[in-house]
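Every number for a ligand or one of its atoms is a count from 1 in the order of the listing. Only a predicted model underlies this, so the values are computations on that prediction, with no experimental measurement involved.
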Amino acid sequence: MKNNKKIMLLAGDGVGPEVVNETTRIIKWFEDNLNLSFDLDEGLVGGASYDKFGVPLTDETLSDAMSADAILFGSVGGPQYDKVSFDKRPENGLLKLRKEMDLFANLRPAMVFPALANSSTLKREIVSGLDILIVRELTGGIYFAEPRGIEDLSNGEKKGFDTNLYTTREIERIGRVAFDLAKFRNKKVTSVEKSNVMMSGVLWKEVMSSLYQNEGKEISLNHMYADNCAMQLVRDPKQFDVIVTDNLFGDILSDTSAMLTGSLGMLPSASLGSKDAITGKRYAMYEPVHGSAPDIAGKGIVNPVAQILSFSMLLRYSFELNKEAELLEKAISLALDEGYRTKDLASKDEKVVGTSEMTDVIINKMTEINDK
Ligand code: NAD
């Protein structure tokens, strides 16, 4: 089956181009071996765009990115841009992409490959084989809602305040993303709020429940208070499949779940927009959680797996190529089982491989699995 989907590659700065380049080798393997076909487009973002055009994202690159079916983003930033004016900083290229495409759903999976279970601070049996997904609302809630501020009080003190505000529509659209994604996974959604003490939480729970009545046919839904969820994530994280929650709780719970996995070089993420009611198109950008790692850029030692796993998320969530994503993840797992480690993952006696060598091994494993 031919599948001409357009992927926009925005490699960015520092290690970004290195890990995106490795990922294009994986993409080529899929084209050569599984009769898939992708149209790859490339653009500059971040410092790389600033150096050439004086801005971190040009209108043309933005428009190319918006016309793609999915964006594979590397990373942006570096110390050489510290003195650039705030609006032209590399990070603004990323923020502009998120804003223009209204990427309100942030997806952070926490996967623990069995071979790396000892890297976690939790006991091996608690995390080995873990595969959960946190869906965090990213553009609303307490980080954005008004009123907010710091004001003087008549007694000489000050008061600082924020507002946690969610509308029905905002809750429905993030709930819909979580329900849709759960259909490609283990079909279980946990909605997290604090409806025991917060009115925004009461509405959150009500809206999730009625969305479930109307659109939750293939999945199960349970509700959990955020404080309990934090506890459960470190007590028994494998009880979860998809967790959907607001901006504030998602910020905290996704960092907690990241720590279950051990290394920054292994963590992918995705940011999604709404599905267009007519065309069915959904803006989507996939990127590693890590930054441009200027301290190791250009040395050929960066771990490419976070970027490669971001591509695996792209296959699964933008193109519904589940089997292909599984094959890629299995290949990574086998490479780790056989002891291949980039520097960030290796403990004292383990053999260290470079960035390209790690990709070579993953590619060989994909071929082995495919030939069976
Ligand atoms: P970082 O994630 O770039 O690096 C933190 C540490 O982890 C460094 O020691 C780095 O060498 C290491 N590391 C990160 N990814 C790795 C990988 N794949 N393999 C091996 N080691 C890895 O964070 P930082 O140092 O705080 O930020 C560096 C720059 O990146 C800054 O300019 C920052 O603004 C930017 N940044 C960009 C993004 C993004 O593009 N989404 C995210 C975070 C930070």
Side-chain angles (χ1 to χ4, degrees), residues 8-23 26 43-51 56-57 61 65 71-99 101 103 106-108 111 113 116 119 136 138 251 254-255 258-259 261-272 284-314 332 335-336 340-347 350 352-359 361-362:
M8 180 82 184
L9 304 174
L10 295 173
D13 309 320
V15 296
E18 292 174 61
V19 288
V20 168
N21 189 37
E22 296 305 315
T23 310
I26 303 279
L44 295 177
V45 70
S49 172
Y50 175 79
D51 289 342
L57 183 73
T61 306
I71 301 166
L72 191 69
F73 189 95
S75 53
V76 289
Q80 66 272 47
Y81 304 107
D82 283 352
K83 295 212 168 73
V84 171
S85 67
F86 193 74
D87 58 318
K88 298 206 167 129
R89 288 261 175 91
E91 290 76 6
N92 268 305
L94 177 59
L95 295 181
K96 192 168 172 188
L97 282 161
R98 285 186 183 151
K99 182 159 174 268
M101 290 184 275
L103 301 176
N106 184 234
L107 277 48
R108 289 266 295 263
M111 291 163 73
F113 292 97
L116 295 183
S119 318
R136 166 188 173 192
L138 201 60
D251 194 0
S254 64
D255 273 14
M259 271 321 293
T261 69
S263 168
L264 198 53
M266 298 294 296
L267 293 172
S269 79
S271 304
L272 308 182
M285 186 156 76
Y286 300 85
E287 56 180 311
V289 169
H290 65 75
S292 60
D295 53 333
I296 56 167
K299 295 185 179 164
I301 59 171
V302 58
N303 184 352
V305 172
Q307 186 79 57
I308 293 173
L309 283 173
S310 301
F311 176 65
S312 163
M313 290 185 80
L314 182 156
I332 293 170
L336 295 168
Y340 293 95
R341 302 277 187 276
T342 42
K343 196 162 174 246
D344 54 308
L345 300 177
S347 55
E350 284 174 326
V352 175
V353 295
T355 309
S356 295
E357 207 180 339
M358 190 70 185
T359 316
V361 180
I362 294 168

Suppose we measure from [atom] to each protein heavy atom; which comes out shortest, and what is that distance?
{"atom": "atom 19 (N) of ligand 1", "value": "Asn303 N, 3.0 Å"}
{"atom": "atom 9 (O) of ligand 1", "value": "Asp295 OD2, 2.8 Å"}
{"atom": "atom 3 (O) of ligand 1", "value": "Ala293 N, 2.8 Å"}

Is a side-chain donor or acceptor of [X] paired with a backbone partner of [Y] at a separation under 3.5 angstrom?
{"X": "Gln307", "Y": "Phe73", "value": "yes"}
{"X": "Ser269", "Y": "Val289", "value": "no"}
{"X": "Ser312", "Y": "Ile308", "value": "no"}
{"X": "Thr61", "Y": "Leu57", "value": "no"}

Considering distance alone, does some N or O of [X] sit under 3.5 Å from an N or O of ligand 1?
{"X": "Val289", "answer": "no"}
{"X": "Ser75", "answer": "no"}
{"X": "Gly291", "answer": "yes"}
{"X": "Phe73", "answer": "no"}
{"X": "Ile296", "answer": "no"}

Task: Donor + acceptor pair across side chains of Ser356, Glu22 (<3.5 Å) - done: yes

Relative to the heavy atoms of [X], which atoms of ligand 1 are at a distance of less than 4.0 Å?
{"X": "Gly78", "value": "32 (O)"}
{"X": "Gly265", "value": "17 (C), 18 (N)"}
{"X": "Glu91", "value": "32 (O), 33 (C), 34 (O)"}

Open item on the list: Testing the basics here: between Val15 and Ala293, what is the closest heavy-atom pair and its distance to 0.1 Å?
Closed with: CG1-O, 3.8 Å

Open item on the list: If you compare all heavy atoms of Asp13 against all heavy atoms of Val45, which two are closest, and at what distance to 0.1 Å?
Closed with: OD1-O, 3.8 Å

Task: Asn303 side chain reached by Arg341 side chain, heavy atoms, under 4.5 Å - done: no

Flag: protein heavy atom within less than 4.0 Å of [atom]:
{"atom": "atom 25 (O) of ligand 1", "value": "no"}
{"atom": "atom 30 (O) of ligand 1", "value": "yes"}
{"atom": "atom 7 (O) of ligand 1", "value": "yes"}

Task: Asp82 bridged to Arg89 by N-O distance under 4.0 Å - done: no

TODO: Run the salt-bridge test on Lys96 and Glu91 with the 4.0 Å N-O cut-off and return the result as yes or no.
DONE: no

Task: Of the listed options Ser269, Pro294, Ala297, closest to atom 28 (C) of ligand 1 (non-hydrogen atoms) - done: Pro294

